Amino acid sequence: MQDSATDTERRTFLMAAATTVAASALPVEQAMAKTQAQAQVQGAPADAITMAEQLRRGDMTPLEALDAAIARVEVLPKLNAVVIKNYEQARELARKQSALSGAERKKACETAPLWGMPFVLKDLGVSMAGTVTSNGCGFFKDAVAQHDSTVVSRYKAAGLNIFGKTAAPEFGMTTTTESKLYGVTPNPWNSKHTTGGSSGGTAAAVAAGILPVGHATDGGGSIRIPSAHCGLFGLKPSRGRVPAGPDSLDGAIGLSVGHVISRSVRDSALLLDVGAGPEFGSRVRPGSDVQGSYLKALNQPPEKKLRIAVWRKTYFGIPVHADCLAAVDKAAKACEAMGHIVEDAMPDLPVAEIFAGMGPGMSAGMLSGVEYREKQLGRAAREDEFEPLNWAALQAAKKASALELFRGRAGFDKAGQLIDAFLSKYDLILSPTTAVPAQLLGALRLDQPYASYAAEAMNSSAFTSLFNISGHPAMSVPLHWTAENIPVGSHFVAPFGAEGRLLRLAAQLEQALPWAHRMPDLSAFKA
């Protein structure tokens, strides 16, 4: 809980920002210029649980909270984090919420733990009725959803007010957030570097203090990589933990799973409580290592003497940057100080067999979505509506055989078996999140020769993508910053279904090596 002085300061900021956008008769641009000083982010913002408590008490209204978030977006236009803006739809809901009496508000909060909280969705693979999901692609720029995704329905039931969608690269097919459709989303810590991808828009929004938490997805590292590059906490749940439907019950033939990027561990735990659980038709239903709530599990006594296997090298012969190894060392020392056992150990893995299906699986999923959109529009997709490397991947997917896809999917199962066997001897795996710190913008764009793109992409995803293939839960924890003040993540992997173990360890690390107070200098992103 924040102290009273901080609460007063935050309320002053919220009121200034709300006045800027909602109450002023000036156009938004002029209103923002008039009170820009008040609307800037000052220090680390409250996390979602703290804000929810303030909304529950009536310390601020949902409309004030929403307009404060919108003000932050508009004050930082060069950040390019929120690219689809559903402001008026969100304001309509916020006005209704704000008009409730105290008793009505209290009743609403009994069943909606995040009542009145502003929130964003990633602009990729998730639908909200009446709004566009473009997938970062020109061919989908006007694709209005007719219904909510299952997880979006759950977010709404929890009281979240969704006011926009965050930038993602086209179909999430690269580990940066740059697209022909929306342009570049730079790293809040250094505008010359990438946020990572593909959930970079959400990571930028959270790192900049626009919101304490936002939706993200991870098909090869797309929650963990942006979290690592932006100094945030990112948990990828087990395959099947968070629903991907109703349109597709298995994201990218099992590679992709949704959750959030957050500043605090407890926000991630609460949002997992909100979003997790099977949906109708789902057959992948992982067990759980917690009884009931993930949030409540954070208060349980930490596990004693976990055996943690450290991976300091990749399976691809890629050199690992000194800062990424330093992040591992820092995490390992912290774990040892807690009484855990840390030792170097890596299993032998048939890398070619395991990874063979990743490209075909992602491309097949992209092709399926494009063909569905072609039927909606009654016309064929055009090459000029896609990034060059994605267009090439679509053409290759059309020629792929069923046997190729089957063998690729069998490789996923092999990875699951082998990692399960390894994690029967160890409780966790610790590795770098990425092989290098955040790359320069442009290095991972989708309009370059494939060979140069692939080399840079491997630097990003050499550690993370294996666990999309195997389906295990994994997280990136922000424990290290480079001499240039760029965040670097430490990556942990748990047995299938053991998100509780990851969250409890993350909460310990958060207490031992706090990160929430660290905020980037945002002056480069103002109008």
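All values derive from a computational prediction rather than experimental measurement. For the numbers below, each heavy atom of this structure counts, side chains included, while hydrogens, waters and symmetry mates do not.
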Is there a donor-acceptor contact under 3.5 Å from the side chain of [X] to the main chain of [Y]?
X      : Y      : answer
Ser264 : Asp267 : yes
Ser98  : Ala94  : yes
Thr177 : Gly196 : yes
Glu74  : Ala71  : no
His259 : Ser268 : yes
Ser363 : Gly359 : yes
Gln376 : Arg373 : no
Ser199 : Ser222 : yes
Arg263 : Ala207 : yes
Asp123 : Thr166 : no

So Thr434 and Asn459, side chain to side chain contact (heavy atoms under 4.5 Å, CB included) or not? Walk me through it.
CA-CA 6 Å; Thr434 58; Asn459 279 328; over 6 Å; no
So which heavy atom on Ile162 is nearest to which on Ala90, and how close?
O-CB, 3.8 Å
Does some side-chain heavy atom of Pro169 sit less than 4.5 Å from a side-chain heavy atom of Met173?
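Answer no - side chains too far apart.
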Side chains of Phe386 and Val370, heavy atoms from C-beta outward: is any pair under 4.5 Å?
yes
Does a donor on one side chain and an acceptor on the other come within less than 3.5 Å for [X] and [Y]?
X      : Y      : result
Asp273 : Ser293 : yes
Thr194 : Glu178 : no
Ser465 : Asn468 : no
Glu92  : Tyr87  : no
Thr175 : Ser460 : yes
Tyr294 : Ser288 : yes

With sequence neighbours excluded, what pairs up with Trp115 under the ring pair (Phe, Tyr, Trp, His ring centres under 6.0 Å) test?
none
Salt-bridge contact [X]-[Y] (side-chain N to carboxylate O under 4.0 Å):
X      : Y      : result
Arg285 : Glu279 : no
Glu499 : Arg241 : yes
Arg91  : Asp67  : yes
Lys141 : Glu170 : no

Please determine which of Val82, Thr202, Thr133, Leu124 meets the side chain to side chain contact (heavy atoms under 4.5 Å, CB included) test together with Lys165.
Thr133
Check the pair Ser101, Glu104 against side chain to side chain donor-acceptor pair (under 3.5 Å), reporting the backbone distance first and the verdict last.
CA-CA 5 Å; Ser101 67; Glu104 291 170 328; 3.2 Å; yes
Could you walk me through whether Leu76 and Leu522 pass the side chain to side chain contact (heavy atoms under 4.5 Å, CB included) check?
CA-CA 8 Å; Leu76 302 169; Leu522 300 171; 4.0 Å; yes
Take Tyr453 and Leu446 through the test side chain to side chain contact (heavy atoms under 4.5 Å, CB included) and record every step on the way to the result.
CA-CA 7 Å; Tyr453 159 75; Leu446 290 167; 4.1 Å; yes
Residue pairs passing the salt bridge (charged side-chain N to carboxylate O under 4.0 Å, His left out) test where at least one lies in residues 154-164, sequence neighbours excluded:
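Applying salt bridge (charged side-chain N to carboxylate O under 4.0 Å, His left out) to every pair that reaches into residues 154-164, excluding sequence neighbours, yields Asp148-Lys156.
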Can you tell me which residue pairs pass the salt bridge (charged side-chain N to carboxylate O under 4.0 Å, His left out) test with a partner in residues 213-229, sequence neighbours excluded?
Asp218-Arg224
Side chain to side chain contact (heavy atoms under 4.5 Å, CB included) between Asn161 and Tyr155, worked out
CA-CA 8 Å; Asn161 188 359; Tyr155 288 156; over 6 Å; no
Please round to the nearest 0.5 Å and tell me the distance separating atom OG of Ser248 and atom OH of Tyr372.
12.5 Å
Looking at CE of Met60 and CG of Leu66, how far apart are the two atoms once the value is rounded to the nearest 0.5 Å?
11.5 Å
Please list all pairs meeting ring-ring contact (aromatic ring centres under 6.0 Å, His included) that have one or both residues in residues 158-180, counting only residues at least two apart or in different chains.
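Qualifying pairs: Phe140-Phe171.
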Show which side-chain atoms of residues 228-236 pair as donor or acceptor with protein atoms under 3.5 Å away, not counting sequence neighbours.
from: Lys236; atom 1: NZ; to: Phe467; atom 2: O; distance (Å): 3.3
from: Lys236; atom 1: NZ; to: His472; atom 2: O; distance (Å): 2.6

Please list, chain by chain and in numerical order, all residues satisfying salt bridge (charged side-chain N to carboxylate O under 4.0 Å, His left out) with Asp289, sequence neighbours excluded.
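For Asp289, the residues satisfying salt bridge (charged side-chain N to carboxylate O under 4.0 Å, His left out) (neighbours in sequence not counted) are Arg504.
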